[in-house]
Amino acid sequence: MNTHQIDITLFSSESCPPCQALKHRLSLWHQDHKNLLVHFISIDEKKDVAAKYGVLSAPTIIVFIDGQEAIRAAGYFSLDELLQKVERYESLF
């Protein structure tokens with residue numbers, strides 16, 4: 001039984017085409033990983049939340065494990081590599 005919580009948060013902007021592509025791909029991936037939480041936060045609408053987490057640009061993905069930041073990727077990054085890391089964490093739990 002999984003007693004650890006993994007949360008993936010994508011900070012994005014409506015005017016950012018790569019952000020929208022990441023959002024779509026992350027949504028598809030999440031269909032096979034329903035035990036994880038995935039959140040989408042617009043930095044345009046939720047500037048306070050973005051500031052709280054030190055998000056200065058979009059896209060940014062932060063992965064939290066049990067409420068602690070474990071992975072952060074911003075700007076140009078490989079979503080596949082990030083999700084492989086998440087899946088490795090998931091397999092440990």
Side-chain angles (χ1 to χ4, degrees):
M1 181 177 178
N2 184 354
T3 58
H4 296 279
Q5 184 61 57
I6 299 175
D7 299 275
I8 302 170
T9 302
L10 170 63
F11 292 87
S12 64
S13 173
E14 292 299 318
S15 62
C16 166
C19 295
Q20 300 313 308
L22 285 172
K23 186 174 182 178
H24 176 72
R25 289 190 53 215
L26 191 53
S27 294
L28 292 175
W29 177 86
H30 186 230
Q31 291 175 3
D32 293 329
H33 301 271
K34 293 288 188 187
N35 55 318
L36 307 182
L37 296 177
V38 174
H39 308 280
F40 301 103
I41 296 177
S42 168
I43 63 170
D44 304 317
E45 297 172 12
K46 302 284 186 180
K47 289 180 174 71
D48 58 329
V49 177
K52 175 182 175 183
Y53 291 102
V55 173
L56 303 174
S57 64
T60 296
I61 292 181
I62 303 176
V63 179
F64 298 92
I65 298 176
D66 296 334
Q68 299 295 312
E69 184 175 325
I71 303 169
R72 179 182 289 243
Y76 182 79
F77 59 90
S78 168
L79 181 62
D80 291 333
E81 287 178 15
L82 184 140
L83 294 177
Q84 286 174 357
K85 290 178 186 177
V86 170
E87 289 172 359
R88 274 186 250 141
Y89 278 117
E90 184 182 20
S91 71
L92 296 174
F93 305 138

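Nothing here was measured: the structure is a model prediction, and the numbers come from that model.
With a 4.5 Å cut-off on side-chain heavy atoms, Leu37 and His39 count as touching. A heavy-atom distance below 4.5 Å is found between the side chains of Trp29 and Ile8. Contact of the Cys16 side chain with the Pro59 side chain is registered, since non-hydrogen atoms from C-beta on lie closer than 4.5 Å. For the pair Tyr89/Ile71, a side-chain contact is recorded, criterion being any heavy-atom separation below 4.5 Å from C-beta on. Considering only heavy atoms from C-beta on, Thr9 stays 4.5 Å or farther from Thr60 through its side chain. Annotation: side chain of Leu36 is not in contact with side chain of Asp7 (no heavy-atom distance under 4.5 Å). With a 4.5 Å cut-off on side-chain heavy atoms, Asp44 and Glu14 count as touching. Side-chain contact check for Ile61 versus Arg72: every heavy-atom pair is 4.5 Å or farther apart.
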| said: I'd like to know whether Ile43 forms a side-chain contact (heavy atoms from CB on, under 4.5 Å) with Lys47, so could you lay out the CA-CA distance, the side-chain angles of the two residues, the decisive distance to 0.1 Å, and finally the verdict. | reply: CA-CA 5 Å; Ile43 63 170; Lys47 289 180 174 71; 5.9 Å; no
| task | Please report the C-alpha distance between Leu22 and Phe77 in whole Å, then the side-chain angles of each, then the deciding distance to 0.1 Å, and finally whether the side-chain contact (heavy atoms from CB on, under 4.5 Å) criterion is met. | result | CA-CA 10 Å; Leu22 285 172; Phe77 59 90; 3.8 Å; yes
| field | From CA spacing to verdict: side-chain contact (heavy atoms from CB on, under 4.5 Å), Asp80, Arg25 | value | CA-CA 10 Å; Asp80 291 333; Arg25 289 190 53 215; 2.5 Å; yes
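Under a hydrophobic clustering in which Ile, Leu, Val, Met, Phe, Trp and Tyr are joined whenever their side-chain heavy atoms come within less than 4.5 Å, directly or via other members, Ile6 and Leu10 fall into the same cluster. Residue Ile41 is not grouped with residue Leu79 when hydrophobic side chains (ILVMFWY) are merged at heavy-atom distances under 4.5 angstrom, including chains of intermediate members. Leu82 and Phe11 are members of different hydrophobic clusters when ILVMFWY side chains are connected at heavy-atom separations under 4.5 Å. Under a hydrophobic clustering in which Ile, Leu, Val, Met, Phe, Trp and Tyr are joined whenever their side-chain heavy atoms come within less than 4.5 Å, directly or via other members, Val49 and Leu56 fall into different clusters. No path of Ile, Leu, Val, Met, Phe, Trp and Tyr side chains, each step under 4.5 Å between heavy atoms, connects Ile62 with Tyr76, placing them in separate hydrophobic clusters.
Taking a 6.0 Å sphere around CD of Glu45, one finds it holds 12 or fewer heavy atoms contributed by other residues, nucleotides or ligands.
Distance CG/Leu26 to SG/Cys19: 12.0 Å, rounded to 0.5 Å. Taking CD of Gln20 as the start and CZ of Phe40 as the end, the distance is 10.0 Å to the nearest 0.5 Å. The distance from atom CZ of Arg88 to atom CG of Leu92, rounded to the nearest 0.5 Å, is 9.5 Å.
Closest of all the heavy-atom pairs between Glu90 and His33 is OE1-ND1, 3.1 Å.
Ring-plane geometry between Tyr53 and Phe64 is classed as perpendicular, the angle between the planes exceeding 60 degrees on a 0 to 90 degree scale with a lower cut at 30.
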